[in-house]
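The block underneath contains the structure these notes are about, expressed in structure tokens.
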Protein chains: 2
Amino acid sequence: MFIKNLPHKTVERLSQYRRALLLILSKEKTHVFSHEIAQMLHITPVQVRRDLMLIGYSGNLRKGYDIKELIDLIGKIIDSERGQRVAVVGLGNLGKAFISYFKGKRSKLSMIAAFDVNPEKINRVFDGVPCYHINQLPEIIKQNNISIGIITVPSEQAPEIAEALVLSGIKGILNYTPKPLNVPAYVYLEEYDMITSLEKVAFFAKKNDERFK
Amino acid sequence: MFIKNLPHKTVERLSQYRRALLLILSKEKTHVFSHEIAQMLHITPVQVRRDLMLIGYSGNLRKGYDIKELIDLIGKIIDSERGQRVAVVGLGNLGKAFISYFKGKRSKLSMIAAFDVNPEKINRVFDGVPCYHINQLPEIIKQNNISIGIITVPSEQAPEIAEALVLSGIKGILNYTPKPLNVPAYVYLEEYDMITSLEKVAFFAKKNDERFK
DNA sequence: TTTTTGTTGTGAAACTTTACACATGTCCAC
DNA sequence: GTGGACATGTGTAAAGTTTCACAACAAAAA
């Protein structure tokens, strides 16, 4: 399913809508209003309607949106039909956290492999995900047609990991190290830095505090 | 130090500038150009200059920006003079990851406490941070004047934790659970959802892949 | 039948963030 | 000194995102 140029923020919210909707779907409740979705995510109803407009979904004027239909439509848009396989590089606390969070979430995304250098972790299975030595990365990525890589190694090693991932044919990278990475344009890169978001919270908390004093 | 309404994105970048600058500061290199900073973070030089303009910092036309001065100025703006104390609620993999990431980063932020319900973790020290039972949260938060809380508990428990944090006088919350929280306006709330960002990467990776095919 | 109520869908405005374009200034080379 | 090379600082435009305001409409109530 194709929608021309869906905004980044809308894509994020669609993922959240779907998860929220899955939680409230039941025999008794088959429809939902924009203000109900909005309330669950603490955003405005207009925002919800605008997002749904962008994906071309129409609700019922009196009953709201058909929950099941909407879940399916979001799936058609954000999921890949054939599914996508994911690997975590770096099985430290953060890598493990990701795998645990992921577990049980039914999804078109499947966590296939983890990589590390620690001999105690290699060739063992963590929460259903096998861990390999980083040397095997190209081989495993290619064999299993893994298209998404999550980098949770110490930041000094992030660039070489990214390069290895790119050379192995990865399509998207989620980088949790503070080291900004360089990848070709055909690889989608998302960077997230925990320290930065903590410093941001600290800044606005301080500011809020002054403002409300 | 006060700057009127610094944009959110600028605050995030300032935190990143500072970290990048700390890495390159040395006897030999005392100044830096906007395009050098830009290159390190993979953004445009104009963006860097605009951010520095917003915080009122002027560089030297020929030598660029004085690294040390700039680091100090950023500190004056984003740090709180008296420092801020941080606690992690939920000492699972994610909570541990946060503490480890944090360790060693000199900063005006100090990680003071962790909370959990698992008896094996309570009253032990992880990476220099003591872990308490969640029942002790209000007491410890108040006694230690902790102003920032990071929530890394299972998502069902997030709302009650948030409420406890707010009642204990917290000023900012960083929520890593997918459960959107409700907090009063005087508490700054930042939400980050790992699954959503993974689904986002998956979506744009898929799209990129189609585009470059 | 008519009015009231409450919802969706959306053009247009407002706000936020980034990029362009270029005036200004400094140093170096000649 | 005069011109060239190269930075900074910034008005303004552009792009991205959210919100306002309201038309359109369906069902229930009067």
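Keep in mind the model is a prediction, meaning the values are calculated, not measured. All chains are named by letter (A, B, ...) in the order of the sequence lines, taking the proteins before the strands, and each is independently numbered beginning at 1.
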Problem set entry | By side-chain contact (heavy atoms from CB on, under 4.5 Å) - contacts of B/L167 (at least two apart) | B/E163
At a cut-off of 3.5 Å, list every protein nitrogen or oxygen paired with a nitrogen or oxygen from nucleotides 12-17 of chain C, distance to 0.1 Å.
unit_1, atom_1, unit_2, atom_2, d
C/dA12, N6, A/R50, NH2, 3.1

Exercise. How would you list, by chain and number, every residue that makes a side-chain hydrogen bond (donor to acceptor under 3.5 Å, both in side chains) with B/N145, sequence neighbours excluded?
Worked result: none
Exercise. Among residues 181-207 of chain B, which contact DNA chain C at a heavy-atom distance under 4.0 Å?
Worked result: none
Exercise. Who are the side-chain hydrogen bond (donor to acceptor under 3.5 Å, both in side chains) partners of A/D193, not counting sequence neighbours?
Worked result: A/T196, B/R19
Exercise. Who are the side-chain contact (heavy atoms from CB on, under 4.5 Å) partners of B/S80, not counting sequence neighbours?
Worked result: A/K206, B/Q84
Exercise. Would you say a side-chain N or O of A/S58 is under 4.0 Å from OP1 or OP2 of C/dG9?
Worked result: yes
For this session: Could you tell me whether A/T10 contacts a base, only the sugar-phosphate backbone, or nothing, with contacts defined as non-hydrogen atoms closer than 4.0 Å?
Result: nothing
Exercise. In whole Å, what is the span from the CD1 atom of B/I37 to the P atom of D/dA7?
Worked result: 13 Å
Exercise. Tell me the salt bridge (Lys or Arg N to Asp or Glu O under 4.0 Å) pairs involving residues 143-153 of chain A, sequence neighbours left out?
Worked result: none
For this session: Figure out the NE2/C1' separation between A/H31 and D/dA27, and round it to whole Å.
Result: 15 Å
Problem set entry | Contact pattern, 5' to 3', of nucleotides 21-30 of chain C - B, S or - by protein heavy atom under 4.0 Å | ----BBS---
Exercise. Sequence neighbours excluded, which residues qualify as side-chain hydrogen bond (donor to acceptor under 3.5 Å, both in side chains) partners of B/Y188?
Worked result: B/E190
Exercise. Residues two or more places apart in sequence or in another chain: which of them pass ring-ring contact (aromatic ring centres under 6.0 Å, His included) with B/H35?
Worked result: B/F33
Exercise. ring-ring contact (aromatic ring centres under 6.0 Å, His included) with B/F98: which residues, sequence neighbours excluded?
Worked result: B/Y176
Seminar exercise, completed: When rounded to whole Å, the NE2 to P distance for the pair B/H35 and D/dC6 reads 10 Å
Seminar exercise, completed: Those residues at least two apart in sequence (or on a different chain) that pass ring-ring contact (aromatic ring centres under 6.0 Å, His included) with A/H8 are B/F204
For this session: Quickly work out the A/D66 CG to C/dT7 P distance and round it to whole Å.
Result: 18 Å
